[in-house]
Student: 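Below is the structure I would like to discuss, written out as structure tokens.
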Amino acid sequence: MFEFSNVTKVYKNKFTAVNDISFKIEKGSFSFIVGKSGAGKTTLIKLLIKEVDPTEGKIIFNNQDITKLSHRQIPLHRRKVGVIFQDFRLLDKKTVYENIAFAMEMVGHTPKNIRREVPTVLSMVGLSDKANNFPNELAGGEQQRIAIARAVVNKPDLIIADEPTGNLDPETSYEIMKIFSEINRRGTTVLMVTHDRAIVDTMKKRVIELKNGRIIRDTEEGDYYHDL
Ligand code: ADP
């Protein structure tokens, strides 16, 4: 799916946020990225969606070195990646239906496709009955489910979730994780940054731990980090 080879990111102020990282994520896998604040997790995500470029190293995504993409090619790359954030980032003046439809319009889907796909993803996240509500009329867990529906509607190859349960209570978090598991079961690669120890310990998935911009642990069926 994608591979980092000796990737280093030095920001303009000379700070090295990611330091000589190499790892490979297989198609269809589910992996957690853990590490304290400042470890380099967000930078890693930004590198993947080409919001920042590495200072050194290569990032191969679907057999293509994305560090070499031209400006013109970036939108096409980003369509292959769906990102979900801790704070949902829904458009508050659009209804649930319109939020998802808008994501499809942005990449040029036909109205017919949109009318077919929006109800399908709403049903997948169990919120068909909220199509005409506005985001602020929904609970946090429901808003996150809408954000997930929006991220998957364009059928990305990779889903990146940046602390998706950070604002949710344990029970709601568990429901959200069931949706991610189902998305993964249907074949989409999932990469999740999290501080949620209970979730990582329960899921028994690959855990990559970052510290000071380096990978200090990479275990299959791992537990949450213990480097406190
Ligand atoms: P995390 O997501 O694990 O908290 P980040 O990738 O956000 O880590 O940050 C890693 C380090 O890089 C931090 O020390 C942060 O202060 C620094 N950093 C992040 N973005 C920038 C930037 N644009 N310019 C300079 N330093 C940055």
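Both ligands and their constituent atoms are indexed starting at 1 by order of listing.
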Student: At under 4.0 Å between heavy atoms, is it the side chain or the backbone of Thr42 that contacts ligand 1, or both, or neither?
Tutor: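 Both parts.
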
Student: Between Asp53 and Lys9, is there a side-chain N and carboxylate O pair less than 4.0 Å apart?
Tutor: no

Student: Could you name the option among Thr43, Leu210, Leu44 that has the heavy atom nearest to atom 6 (O) of ligand 1?
Tutor: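 Checking each option, the heavy atom nearest atom 6 (O) of ligand 1 is found in Thr43.
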
Student: Does Gly35 come within less than 4.0 angstrom of ligand 1, counting non-hydrogen atoms of the residue?
Tutor: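 For ligand 1, residue contact (heavy atoms, under 4.0 Å) with Gly35 is absent.
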
Student: Do the side chains of Arg186 and Glu182 get close enough for a salt bridge, i.e. N-O under 4.0 angstrom?
Tutor: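 Salt bridge flag = yes for Glu182 with Arg186.
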
Student: For atom 18 (N) of ligand 1, which protein heavy atom lies nearest, and how many Å away is it?
Tutor: Tyr11 CE1, 3.5 Å

Student: Salt bridge or not for Glu137 and Lys130, using N-O below 4.0 Å?
Tutor: no

Student: Going by heavy atoms, is Lys12 under 4.0 Å from ligand 1?
Tutor: no

Student: Can you list the ligand 1 atoms lying under 4.0 Å from a non-hydrogen atom of Ser37?
Tutor: 4 (O)

Student: Roughly how far, to the nearest 0.5 Å, is the OG atom of Ser173 from the CG atom of Asp196?
Tutor: 5.5 Å

Student: Show me which atoms of ligand 1 lie under 4.0 Å from any heavy atom of Ala39.
Tutor: 1 (P), 3 (O), 8 (O)

Student: For atom 15 (C) of ligand 1, decide whether some protein heavy-atom distance is shorter than 4.0 Å.
Tutor: no

Student: Under a 4.0 angstrom heavy-atom cut-off, which atoms of ligand 1 come close to Lys36?
Tutor: 3 (O)

Student: Could you check whether any side-chain heavy atom of Val152 comes within less than 4.5 Å of a side-chain heavy atom of Met124, counting everything from C-beta outward?
Tutor: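 In short, these two side chains touch, coming nearer than 4.5 Å.
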
